[in-house]
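Below: the structure, in structure tokens.
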Amino acid sequence: ILHNRATHAQSYPDLELTLTDTSDEALARRTFTPDEYLRPEQDAKQGIPASEEIAIELYLDTEDLKPAGYRLLLSYS
């Protein structure tokens with residue numbers, strides 16, 4: 001869930017997801033842009049409305065990697 005606590009709309013961030021092993025070493029890393037994680041009816045250009053939250057779901061096939069954890073970094077272009 002992304003929560004915009006500001007009193008104005010905020011840009012959607014890029015999401016950098018790092019999957020890690022049991023030693024917290026990176027197994028895989030990928031950055032998802034708003035166009036990749038928003039639902040079709042959501043407009044990335046509108047941003048996250050003031051005082052609103054949005055749920056994000058990413059479906060990943062990680063069977064070959066067998067990750068034990070993850071790190072998520074939000075960044076703005």
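Just so you know, residue 1 is the first one in the sequence shown, and it goes up from there. The structure presented is a predicted model; accordingly, all values stated were derived computationally and were not measured.
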For this session: Step through the shown structure and confirm whether more than 12 heavy atoms of other residues, nucleotides or ligands are within 6.0 Å of CG on Asp64.
Result: no

For this session: Give a yes or no on whether Leu38 and Tyr76 share a hydrophobic cluster (residues Ile, Leu, Val, Met, Phe, Trp, Tyr; joining criterion: side-chain heavy atoms under 4.5 Å apart).
Result: no

Exercise. So if you build clusters from Ile, Leu, Val, Met, Phe, Trp, Tyr with side-chain heavy-atom gaps below 4.5 Å, do Leu65 and Leu58 land together?
Worked result: yes

Seminar exercise, completed: Value for CG (Leu60) from CG (Leu17), rounded to nearest 0.5 Å, stands at 6.0 Å

For this session: Output yes when a side-chain donor or acceptor of Gln46 lies under 3.5 Å from a complementary backbone atom of Asp43, and no otherwise.
Result: no

Exercise. Between CD1 of Ile48 and CZ of Arg5, what distance do you get to the nearest 0.5 Å?
Worked result: 11.5 Å

For this session: Identify the two heavy atoms, one from Thr18 and one from Ala26, that lie closest to each other, and give their separation to 0.1 Å.
Result: CG2-CB, 3.7 Å

Problem set entry | Leu15 and Thr31, any side-chain heavy atoms less than 4.5 Å apart | no

Exercise. Should the heavy atoms of other residues, nucleotides or ligands under 6.0 Å from CZ of Phe32 be counted, would the total exceed 12?
Worked result: yes

Exercise. With side chains defined as the heavy atoms from C-beta onward, is the minimum distance between Asn4 and Glu52 less than 4.5 Å?
Worked result: no

For this session: Mind listing the closest non-hydrogen atom pair of Pro34 and Ala44 along with its distance?
Result: CB-CB, 3.9 Å

Seminar exercise, completed: When every non-hydrogen atom of Leu19 is compared with those of Pro67, the smallest separation belongs to CB-CB, 3.9 Å

Exercise. Which pairs pass salt bridge (Lys or Arg N to Asp or Glu O under 4.0 Å) with one or both residues in residues 14-34, sequence neighbours excluded?
Worked result: Glu16-Arg29, Asp24-Arg71, Arg30-Glu36

For this session: Enter the distance from Ile1:CD1 to Glu57:CD here, rounded to the nearest 0.5 Å.
Result: 9.5 Å

Exercise. Say you draw a straight line from OH of Tyr37 to CD1 of Ile54; how long is it, rounded to the nearest 0.5 Å?
Worked result: 5.5 Å

Exercise. Do Leu2 and Ile56 come close enough that some side-chain heavy atom pair is under 4.5 Å?
Worked result: yes

